[in-house]
There are 2 protein chains.
Amino acid sequence: MNEAGPRWRRRKEARPAEMIEAALDVFAEHGFAAAKLDDIARRAGVAKGSLYLYFDTKEALFRAVVEQIIAPAVSRVLAMAQIPEEGPQNGPFAEVAPRLLAGAALALSQDRVAAVARMVIGEARTFPDLARVWHDQVVGPLLSAVAARIARAQAAGEVRPGSPRTHAFSLVGPLLMATLYRQVFAGVDADPPDLAQVAAQHAQSLLQGLILPATPPAKELPDD
Amino acid sequence: MNEAGPRWRRRKEARPAEMIEAALDVFAEHGFAAAKLDDIARRAGVAKGSLYLYFDTKEALFRAVVEQIIAPAVSRVLAMAQIPEEGPQNGPFAEVAPRLLAGAALALSQDRVAAVARMVIGEARTFPDLARVWHDQVVGPLLSAVAARIARAQAAGEVRPGSPRTHAFSLVGPLLMATLYRQVFAGVDADPPDLAQVAAQHAQSLLQGLILPATPPAKELPDD
DNA sequence: TGCTTTAATGACCTGAAAGTCATTTACTAG
DNA sequence: CTAGTAAATGACTTTCAGGTCATTAAAGCA
């Protein structure tokens with residue numbers, strides 16, 4: 001019987017991150033309620049009791065996962081979109097919008113980010129304060145930044161009038177829909193939508209308009 | 001001590017519907033996993049054991065809720081949008097699309113429908129066959145119908161080229177986003193988006209284009 | 001009015017998973 | 001080398017909700 005080394009190591013610094021990583025996998029696969037702490041512990045290579053050295057409850061672990069995964073994604077999207085609050089002009093809106101959507105598509109292409117988004121939607125009612133954090137720190141700032149940029153474009157006469165906030169929904173809604181579609185129907189639909197393609201085509205459609213300006217097909221004109 | 005009548009009544013026909021109704025309320029409030037059958041039973045005015053006379057398991061009850069609530073909503077949307085599979089021409093796409101979005105907004109304005117949608121998104125991983133049913137019977141048909149209508153409009157030269165399916169995402173994504181926003185942030189955001197407003201403004205924006213064609217604001221032109 | 005049927009009950013059973021803690025053992029300071 | 005510390009363990013406790021079933025009683029019928 002070979003005893004290669006100590007049965008376990010003391011790794012106070014590395015443990016929490018590993019636990020969060022493992023928790024993300026298990027939560028994403030089964031959802032919050034159906035995820036078992038034993039599974040998470042096993043995947044993290046620790047005993048269940050060890051989880052409680054770093055997280056008080058299952059919910060605390062869940063919240064740590066959300067914060068850990070999402071915070072970088074949010075700042076990355078805003079950075080890629082290059083939407084500074086009060087910065088200098090950063091190009092015409094017709095160029096900013098596709099950049100923003102492309103950046104969002106890239107961020108949401110990571111299944112980890114998309115899975116967290118799906119889980120928050122599913123669990124918001126179970127954890128009202130999670131919904132509050134998400135609203136105040138993620139969705140709110142993102143929506144406000146986009147709406148502010150749209151309002152600037154409206155002031156410059158670039159963009160059609162209307163509620164900037166609603167325009168923001170117009171802009172990013174399809175991407176959210178495609179993301180959720182991929183998450184919900186993974187394994188059911190063999191041909192899920194491609195986020196980059198949706199982002200590109202939607203940017204084009206929304207900016208330029210879906211309707212073609214009465215280009216007669218040279219054939220169906222009523223003969224008079 | 002007044003004994004007004006029998007302790008309970010036999011109502012084989014009315015029970016299931018009442019149970020589904022109560023179950024919807026409790027599921028919508030707490031999510032599937034956190035919903036207690038005792039609560040559902042109490043709200044339905046029956047004992048827990050009675051639930052098992054009509055539904056084999058908690059999951060069966062959940063599925064009954066989904067089917068009961070969604071089926072009418074789906075057919076109503078398609079009816080309001082007046083998108084027959086092979087029917088006669090039903091007006092230019094520029095008129096059909098707003099009608100479709102308005103109908104969808106109306107259907108999704110019922111919190112019951114929206115709550116079910118949110119729950120399916122949240123629970124799809126826990127119940128893979130629920131995701132399959134939802135895909136095959138709800139989302140798939142709806143998306144296909146809309147995409148088919150868009151393809152017809154493209155063939156007629158009304159609509160810009162591009163994947164019809166992606167165009168369908170462009171069309172309905174913002175409404176889904178607004179619906180989920182309302183569901184997730186109910187109680188957190190005091191000023192949620194109005195679905196009818198989002199539908200109307202988005203239809204306008206998407207069809208006509210968000211970008212204004214270089215209308216000089218008569219003031220900021222560089223003076224040369 | 002009594003008999004049969006079966007809808008309905010609710011106390012109970014049971015499995016499962018969150019959370020605890022006395023014990024073990026890796027590490028470190030002296 | 002030794003003693004002190006605290007990271008880590010995993011068997012145990014506790015809680016709780018899904019599911020069962022022997023019993024009750026409402027309704028239909030002769």
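None of the values given here were measured: they were computed from a predicted structure. Throughout, protein chains are lettered first and strands after them, A, B, ... in sequence-line order, and every chain is numbered starting at 1.
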List the atom pairs, with distances to 0.1 Å, where a side-chain N or O of residues 121-134 of chain A and a protein N or O form a donor-acceptor pair under 3.5 Å, not counting sequence neighbours.
| unit_1 | atom_1 | unit_2 | atom_2 | d |
| --- | --- | --- | --- | --- |
| A:E123 | OE2 | A:F32 | N | 3.4 |
| A:R125 | NE | B:Q183 | O | 3.3 |
| A:R125 | NH1 | B:A28 | O | 3.2 |
| A:R125 | NH2 | B:Q183 | O | 3.2 |
| A:R125 | NH2 | B:Q183 | OE1 | 3.4 |
| A:T126 | OG1 | B:H30 | O | 3.2 |
| A:D129 | OD2 | A:R63 | NH1 | 2.7 |

Worksheet item: Which pairs, with at least one residue in residues 23-35 of chain B and sequence neighbours excluded, count as a salt bridge (Lys or Arg N to Asp or Glu O under 4.0 Å)?
Response: B:D25-B:R43, B:E29-B:R43

Fill in: Spatial distance of atom CG (B:D111) from atom CZ (B:R182) [nearest 0.5 Å]
6.5 Å

Practice prompt. Tell me, please, which residues at least two apart from A:Y181 pass ring-ring contact (aromatic ring centres under 6.0 Å, His included).
Written response: A:F185, B:F169

Item to complete: Go through residues 11-19 of chain A and report each residue with a non-hydrogen atom lying under 4.0 Å from DNA chain D, sorted by number.
Response: A:R11, A:K12, A:R15

Counting only pairs under 3.5 Å, give me each side-chain donor-acceptor contact of residues 194-201 of chain A, with atom names and distances, residues two or more places apart or in other chains.
| unit_1 | atom_1 | unit_2 | atom_2 | d |
| --- | --- | --- | --- | --- |
| A:D194 | OD2 | A:A196 | N | 3.4 |
| A:D194 | OD2 | A:Q197 | N | 2.8 |
| A:Q197 | OE1 | B:T166 | OG1 | 2.8 |
| A:Q197 | NE2 | A:Q201 | OE1 | 2.7 |
| A:Q201 | OE1 | B:S163 | N | 3.1 |
| A:Q201 | NE2 | B:S163 | O | 3.0 |
| A:Q201 | NE2 | B:H167 | ND1 | 3.1 |
| A:Q201 | NE2 | B:H167 | NE2 | 3.4 |

Discussion item. According to salt bridge (charged side-chain N to carboxylate O under 4.0 Å, His left out), who are the partners of B:E95, at least two apart in sequence or on a separate chain?
Written reply: none

Could you write out each protein N or O paired with an N or O of nucleotides 1-5 of chain D at a distance under 3.5 Å?
| unit_1 | atom_1 | unit_2 | atom_2 | d |
| --- | --- | --- | --- | --- |
| D:dT5 | O2 | A:R10 | NH2 | 3.3 |

Worksheet item: Rounding to a whole Å, what distance do you find between B:L53:CG and D:dA26:P?
Response: 16 Å

Discussion item. Rounding to an integer number of Å, can you tell me how far B:L51 CG sits from D:dC21 P?
Written reply: 17 Å

Donor-acceptor contacts under 3.5 Å from residues 9-17 of chain A side chains, at least two apart:
| unit_1 | atom_1 | unit_2 | atom_2 | d |
| --- | --- | --- | --- | --- |
| A:R11 | NH2 | A:E18 | OE2 | 2.3 |
| A:R15 | NH2 | A:R9 | O | 3.1 |

Practice prompt. Classify every nucleotide of nucleotides 14-24 of chain C by which part a protein heavy atom approaches to under 4.0 Å, writing B for the base, S for the sugar-phosphate alone and - for neither, in 5'-to-3' order.
Written response: ---SBBB----

Worksheet item: For B:A147, what residues pass the side-chain contact (heavy atoms from CB on, under 4.5 Å) criterion, not counting sequence neighbours?
Response: B:P164

Worksheet entry | A:R112: partners by side-chain contact (heavy atoms from CB on, under 4.5 Å), with sequence neighbours left out | A:E21, A:L24, A:I69

Practice prompt. Would you mind telling me which of C:dA7, C:dC27, D:dA7 lies closest to the side-chain atoms of A:Y54?
Written response: D:dA7

Worksheet item: What pairs meet the side chain to side chain donor-acceptor pair (under 3.5 Å) rule with one or both residues in residues 48-57 of chain A, with sequence neighbours excluded?
Response: none

